[in-house]
Each structure stands twice: as C-alpha cells, then as structure tokens.
Amino acid sequence: MLHVSMIGYGAIGAGVMELLKSDPEVVFDVVIVPEAALASAGPMVRALAPQARVAVRLDYDGVRPDLLIECAGHGAIEEHILPALERGIACMVVSIGALCEPGLAERLEQAARRGKTQVQLLSGAIGAIDALSAAKIGGLDSVVYTGRKPPGAWKDTPAEALFALDALDGVTVIFEGSAREAARLYPKNANVAATLALAGLGLDHTQVRLLADPAVTENVHHVEAKGAFGGFELTMRGKPLVANPKTSALTVFSVVRALNNRAHALSI
Ligand SMILES: NC(=O)C1=CN([C@@H]2O[C@H](COP(=O)(O)OP(=O)(O)OC[C@H]3O[C@@H](n4cnc5c(N)ncnc54)[C@H](O)[C@@H]3O)[C@@H](O)[C@H]2O)C=CC1
Ligand SMILES: O=C([O-])CC(=O)C(=O)O
C-alpha cells in the first residue's frame, strides 16, 4: 500500500483522486491546499478519500508519506517539494515548466541527493519521453516542438494582451523561441515544452512554437526529434479537461499511471 500526500486539489488533483478512489493500493493521507481553500476543499476531498486530511503543509512530526506528489503550480515546488526532498521524502512533479527558472532543476537534484531520495518529473500531457531521453544518450541534433491550442486556452496568459483571442480567424503564432523563454512567459501552457527540453536537448536548445488555432478543439502537441538514433515525429491530440481547458486529460492519466507504477507489483 502506497501512502500519498498530494499538493493541489484543482483540475488534475481532483481528477487523480476520482480515478484512484477505489484502489486500495493507493491511499491519500494528506491533500495540501492554499489556506483560503481549506474550508471548501475539505468536503470534496473527503467524499473521494474519507481518511484524507486537508492541510496547508506537511506535518513533518507526524506520519511521513511514502510519496509527495505536486499537482498545484510552480510556487509549490519551492514551498513544499524542496523541503520534503531534504527530509528524504520521494516526490513527483507535474509543474515541469517551473524548472525553467535558472538553477531550480539543480536544486531539486541536490535536495534529493541530500535526502537520499528521488524526484520524478512526470511526462504529463506528452508522450515519447522515454524515447527522447534514450535518444539523448546517443546524441540529439534537433528537437522542435509545436503546441497548438484553441484561442480560449490562451486566456489569462500574456497572449491576452497581445491578441484579440475571441476574434482570431486563423492560426496565430503566440510565441516562437527557446523552451526556457516559452516556459518563463507561458508557464501554464509550456509544461510540455519544458518536459521535452529536460528530456532532450535542454531548455536553451529546444525550439518551441506556440499557436492559437480557432480550428482546433484539442491541445495538439507535435514533436520532431533527430539525432544519432534516427528520428521521430509525434502528434498528440489531447482532450482538454472541462475543469481547466489549459490542461489535457492525459496529464491526469499520467499521474495515475505513475502512482500505479509505484504502488503495484508490475510496473509499465
Ligand atoms: N506536465 C504537464 O504536461 C502539465 C502540467 N500542468 C501543470 O500542473 C499544475 C496543475 O494544473 P491544474 O490542476 O490544471 O491547475 P488548476 O489551476 O486547476 O489547479 C491547481 C490547484 O493547485 C492549488 N495550488 C496552487 N499553488 C499551491 C500551493 N503552493 N500549495 C497548495 N495548493 C496550491 C490551486 O489553488 C489550485 O486549486 C499547473 O502548474 C499546470 O501548469 C498542467 C498540464 C500539463
Ligand atoms: O496540454 C496540456 O495539458 C498543457 C500544456 O500544453 C502545457 O502545459 O504545455
């Protein structure tokens, strides 16, 4: 049985708990939410996991979780993941875009090393991370990522000030540049760019194009990688979550897969 604490009860967190509510091998003990959400999150969390406690931070003097998983946002890595790693708690992270901040990936690694544990960066909305990181061993020449989303997925981002999103009548290039810059400017829409970069050619050498396309209803992720291994092209057409159209449903499934792989005897 895997005892899990989770940070964040938003679109991903709620989706994960819903899918795992009947799995006796994965037990949610603590769900960490912002102080302002304590009262509202409590009944929703307990409806899915009656044993779970809702809190604003981990209680390190109490029972330690086997695993702490972040499904919250960039700030949660600094606030919760780094201290947990230092204390030897294994962690998983979905807000991969946060790692565009210079030095953060190294700090995570150092904290995990000091705690003699591990932090796993989840594949989230994108696939083929296994192939890309294996290809990196042989040497990569180029990785080009294009993220295409409906205009509504760009609301509440800097694109809203630059484009009339509700009036777009064709494909519009929102951003073109490095994965590091994409993740800095569009943190909630560039987790995939950052994940591909960290698995492959790095944040400064992974080329990124972000598009708003009124003709699509899905979050379409296209990757083209070339190197000593040969090449691959991947297109994912991710259905957005109703609770958050910036987030593809596959992200929830990738978290559940990762938890299943830790909790169950057979891992794939
Ligand atoms: N790796 C990937 O492919 C993907 C990663 N993401 C990332 O996953 C994260 C969660 O996404 P969603 O669930 O769709 O977002 P959401 O906005 O629906 O939910 C996030 C929840 O976390 C809470 N939260 C934020 N900071 C917190 C903190 N410091 N402590 C506790 N709770 C905190 C918020 O109050 C909110 O309820 C975001 O950072 C998003 O960018 C999203 C999609 C794909
Ligand atoms: O499709 C998703 O779930 C989110 C996304 O594009 C990203 O953060 O890069």
Side-chain angles (χ1 to χ4, degrees), residues 5-18 30-38 40-41 44-45 54-58 68-84 92-101 120-129 145-150 152-157 174-175 179 182-199 206 208-213 216-223 235-255 257-258:
S5 292
M6 185 165 73
I7 315 162
Y9 188 76
I12 297 175
V16 168
M17 288 191 73
E18 174 67 39
V30 179
V31 176
I32 298 168
V33 300
E35 185 132 32
L38 268 178
S40 59
M44 292 188 284
V45 165
V54 177
V56 291
R57 66 184 66 83
L58 270 189
L68 175 65
I69 178 152
E70 178 277 326
C71 302
H74 294 190
I77 296 187
E78 194 80 44
E79 195 181 341
H80 302 291
I81 295 292
L82 283 167
M92 290 177 175
V93 167
V94 290
S95 297
I96 312 295
L99 276 64
C100 74
E101 186 191 311
Q120 184 181 350
L121 309 180
L122 299 188
S123 55
I126 191 69
I129 293 303
Y145 164 67
T146 306
R148 182 186 299 262
K149 292 188 175 185
W154 298 100
K155 293 215 165 139
D156 305 319
T157 77
I174 298 281
F175 170 87
R184 193 181 67 77
L185 291 170
Y186 295 95
K188 293 188 177 170
N189 279 321
N191 292 287
V192 169
T195 306
L196 290 164
L198 291 166
T206 302
V208 174
R209 261 160 54 94
L210 301 176
L211 310 175
D213 186 347
V216 297
T217 52
E218 291 149 336
N219 295 331
V220 186
H221 303 292
H222 182 266
V223 189
T235 304
M236 311 272 307
R237 292 191 185 82
K239 287 213 167 110
L241 290 174
V242 176
N244 184 358
K246 291 185 179 67
T247 295
S248 301
L250 188 72
T251 314
V252 171
F253 306 147
S254 101
V255 172
R257 167 185 179 255

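Atoms within each ligand, like the ligands themselves, are counted from 1 in listed order.
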Are any of the heavy atoms in A37 under 4.0 Å away from ligand 1? no
Which of the numbered atoms in ligand 1 are under 4.0 angstrom from any heavy atom belonging to C71? 10 (C)
Which atom pair, heavy atoms only, marks the closest approach of V31 to G8? CG1-O, 4.4 Å
heavy-atom search around atom 14 (O) of ligand 1 in the protein gives T247 OG1, 2.7 Å
Which heavy atom of the protein is the closest neighbour of atom 19 (O) of ligand 1, given with residue, atom name and distance? G10 CA, 3.2 Å
Under 3.5 Å, sequence neighbours excluded: what are the donor-acceptor pairs made by side chains of residues 69-77?
residue, atom, partner, partner atom, Å
E70, OE1, V94, N, 2.9
E70, OE1, S95, N, 2.9
E70, OE1, S95, OG, 3.4
E70, OE2, A72, N, 2.9
E70, OE2, G73, N, 2.9
E70, OE2, S95, OG, 2.6
H74, NE2, A98, N, 3.4

Roughly how far apart are E218 CD and D213 CG, rounded to 0.5 Å? 11.5 Å
Which atoms of ligand 1 are found less than 4.0 Å from any heavy atom of I7? 30 (N), 31 (C)
Among protein heavy atoms, which lies nearest atom 5 (C) of ligand 1, and at what distance? V94 O, 3.2 Å
Please identify which atoms of ligand 1 are closer than 4.0 Å to at least one heavy atom of G73. 39 (O)
Does an N or O anywhere in S248 fall below 3.5 Å from an N or O of ligand 1? no
Tell me, please, which residues at least two apart from R209 pass side chain to side chain donor-acceptor pair (under 3.5 Å). none
Between the CZ atom in F253 and the OG atom in S123, the distance rounded to the nearest 0.5 Å is 13.0 Å
State, yes or no, whether a side-chain contact exists between H222 and R148 at a heavy-atom distance under 4.5 Å. no
Closer than 4.0 angstrom: is that true for some heavy atom of G97 and an atom of ligand 1? no
Show me, pair by pair, the donor-acceptor contacts under 3.5 angstrom made by side chains of residues 236-246, not counting sequence neighbours?
residue, atom, partner, partner atom, Å
N244, OD1, K246, N, 3.1
N244, ND2, T247, OG1, 3.4
K246, NZ, K155, O, 2.9

Who's the nearest protein heavy-atom neighbour of atom 29 (N) of ligand 1, and how far? E79 OE1, 3.0 Å
Atom indices of ligand 1 within 4.0 angstrom of A11 heavy atoms, with elements: 13 (O), 14 (O), 16 (P), 18 (O), 19 (O)
With distance as the sole criterion, is a donor-acceptor pair present between the side chains of H221 and Y145 under 3.5 Å? yes
Atom of V252, atom of G15 and distance for their closest heavy-atom approach: CG1-C, 3.6 Å
Tell me whether H80 reaches ligand 1 (any heavy atom closer than 4.0 angstrom to a ligand atom). yes
Does ligand 1 have an atom that lies less than 4.0 angstrom from a heavy atom of T251? yes
If you count the atoms of ligand 1 from 1 in the order shown, which ones are under 4.0 Å from a heavy atom of V33? 31 (C), 32 (N)
Just which atoms of ligand 1 are under 4.0 Å from any heavy atom in N244? 12 (P), 14 (O), 15 (O), 16 (P), 18 (O)
Please determine if I12 has a nitrogen or oxygen closer than 3.5 Å to a nitrogen or oxygen of ligand 1. yes
Decide yes or no for V216 and K149: does some side-chain heavy atom of the first lie under 4.5 Å from some side-chain heavy atom of the second? no
How about I32 and V56: do any of their side-chain heavy atoms sit closer than 4.5 Å? no
Would you say the side-chain atoms of W154 pair up with the backbone N or O of L211, donor to acceptor, closer than 3.5 Å? yes
Close-contact set for ligand 1 against A125 heavy atoms, below 4.0 Å: 2 (C), 3 (O)
Okay, side chain of S254, backbone of G124: is any donor-acceptor separation there less than 3.5 Å? yes
Nearest atoms (heavy-atom pairs only) where V33 meets A41: CG1-CB, 4.0 Å
Nearest-contact summary for atom 32 (N) of ligand 1 - protein heavy atom, Å: P34 CD, 3.3 Å
Sorted by chain and residue number, the residues with a non-hydrogen atom under 4.0 Å of ligand 2 are A125, K149, K188, N189, A190, N191, V192, N219, H221, K246, T247, S248, T251
Quick one, L68 and I81 - any side-chain contact, counting heavy atoms below 4.5 Å? yes
Among N191, I126, V31, which residue places a heavy atom closest to atom 41 (O) of ligand 1? N191
Nearest neighbour in protein (non-hydrogen) for atom 9 (C) of ligand 1: S95 OG, 3.4 Å
Determine yes or no for a side-chain-to-main-chain donor-acceptor pair under 3.5 angstrom, with N191 supplying the side chain and G97 the backbone. yes
Shortest reach to atom 33 (C) of ligand 1 by a heavy atom, considering only G75, A72, S123: A72
